[in-house]
Amino acid sequence: MIHEILPVGPLQCNCSIIGDENTREAMVIDPGDDIEDVLAILRRHQLQVKQIVITHAHIDHVGGAMKLRAATGAAILLNENDYALLQMLDIQAQWIGMAAPGKVEIDASLGGSDRVTAGGLTADVMHTPGHTEGSICLYFPAEKKLIAGDTLFAGSIGRTDLPGGSFPKILDSLHEKVLALPDDTVVIPGHGSSTTIGEERESNPFLVKR
Ligand SMILES: [Zn+2]
């Protein structure tokens, strides 16, 4: 598995570029910004993007999706429960003082029983509402790797005070779905450094006791 993690934009959203070394097929997760840099990484590995996966419809995760689609022809996938939030990108841009990216068109919804693939690589989609209604995580079982979006961070969890956020729901998602994964699963959060499920189960103040 080729896996490059590139922090993009003013909020340094972790954009993941994941590719199959044999087929050179790839998926890009959360291309929030800096699409020229994303394209440079794709070129360096000679990868062809098959799909663009958005973990949730916050501007720092989705802002560059249309530019990447225009450059690659890949479909943009987002859980339908975040479509309403996607209509608020202009307002979101005002919150953080960013230029509005314009309208983002979604090609298909991703739900909790879906799988996304790139060549021989497969990820299970986990619907994990709480940070937003349509938040998803991507779990690669063969590689024991979780792309967590803004649901889980090293030592913290996603904020729930923005529209569509719910503290009880994010705790349910974390306890019932995310913490069901093996301890040695590597977690790549939407921002900041990587961690493991075991480490967070052990020491994350939001997760140790319920
Ligand atoms: Zn977010």
Side-chain angles (χ1 to χ4, degrees), residues 5-18 27-35 38 52-68 76-106 109-112 116 123 125-139 145-175 177-178 187-195 200 204-207:
I5 301 164
L6 178 70
V8 295
L11 297 182
Q12 296 284 280
C13 163
N14 284 327
C15 172
S16 274
I17 296 128
I18 289 177
M27 69 176 82
V28 175
I29 305 162
D30 287 351
D33 205 344
D34 300 333
I35 298 308
V38 173
I52 300 164
V53 182
I54 310 300
T55 61
H56 64 288
H58 280 156
I59 189 170
D60 51 323
H61 295 256
V62 72
M66 290 300 274
K67 197 172 172 187
L68 185 60
I76 304 175
L77 312 175
L78 171 76
N79 182 267
E80 61 193 350
N81 292 291
D82 263 8
Y83 286 2
L85 206 51
L86 198 65
Q87 303 306 315
M88 297 174 53
L89 282 184
D90 290 4
I91 298 164
Q92 293 187 40
Q94 286 170 20
W95 292 344
I96 59 171
M98 239 177 113
K103 193 170 160 46
V104 177
E105 293 159 15
I106 301 304
S109 175
L110 272 184
V116 283
V125 177
M126 298 163 64
H127 181 212
T128 51
H131 177 61
T132 67
E133 279 291 331
S135 283
I136 59 164
C137 297
L138 290 185
Y139 177 55
K145 197 173 263 197
L146 182 76
I147 310 295
D150 285 358
T151 297
L152 178 62
F153 297 117
S156 189
I157 64 173
R159 60 189 288 186
T160 55
D161 58 328
L162 296 170
S166 160
F167 190 65
K169 278 188 188 174
I170 201 171
L171 286 186
D172 277 352
S173 292
L174 286 162
H175 284 283
K177 295 174 183 169
V178 177
V187 179
I188 294 91
H191 303 266
S193 49
S194 299
T195 181
E200 297 312 306
N204 189 312
F206 294 92
L207 301 180

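Ligands are counted one by one from 1 in listed order, and the atoms in each one are counted from 1 as well. Sequence positions, counted from 1, serve as the residue numbers for this chain. Excluded from the calculations below are hydrogen atoms, water molecules and symmetry mates; all remaining heavy atoms, backbone and side chain alike, are included.
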**Q.** Trace of the side-chain contact (heavy atoms from CB on, under 4.5 Å) decision for Asn81 with His127
**A.** CA-CA 10 Å; Asn81 292 291; His127 181 212; 3.7 Å; yes

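- The Zn ion (ligand 1) is closest to atom NE2 of His56 (considering only N, O or S atoms).
- The Zn ion (ligand 1) has an N, O or S atom of His131 inside 2.8 Å of it.
- Angle subtended at the Zn ion (ligand 1) by His58 ND1 and Asp150 OD2: 170°, rounded to 10 degrees.
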Q. Step by step, would you call Asp34 with Val38 a side-chain contact (heavy atoms from CB on, under 4.5 Å)?
A. CA-CA 7 Å; Asp34 300 333; Val38 173; 5.5 Å; no

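- Ring geometry, His56 versus His61: the interplanar angle falls from 30° to 60°, so the pair is classed tilted.
- In this structure, Ile157 and Leu171 have side chains that are in contact, with non-hydrogen atoms separated by less than 4.5 Å.
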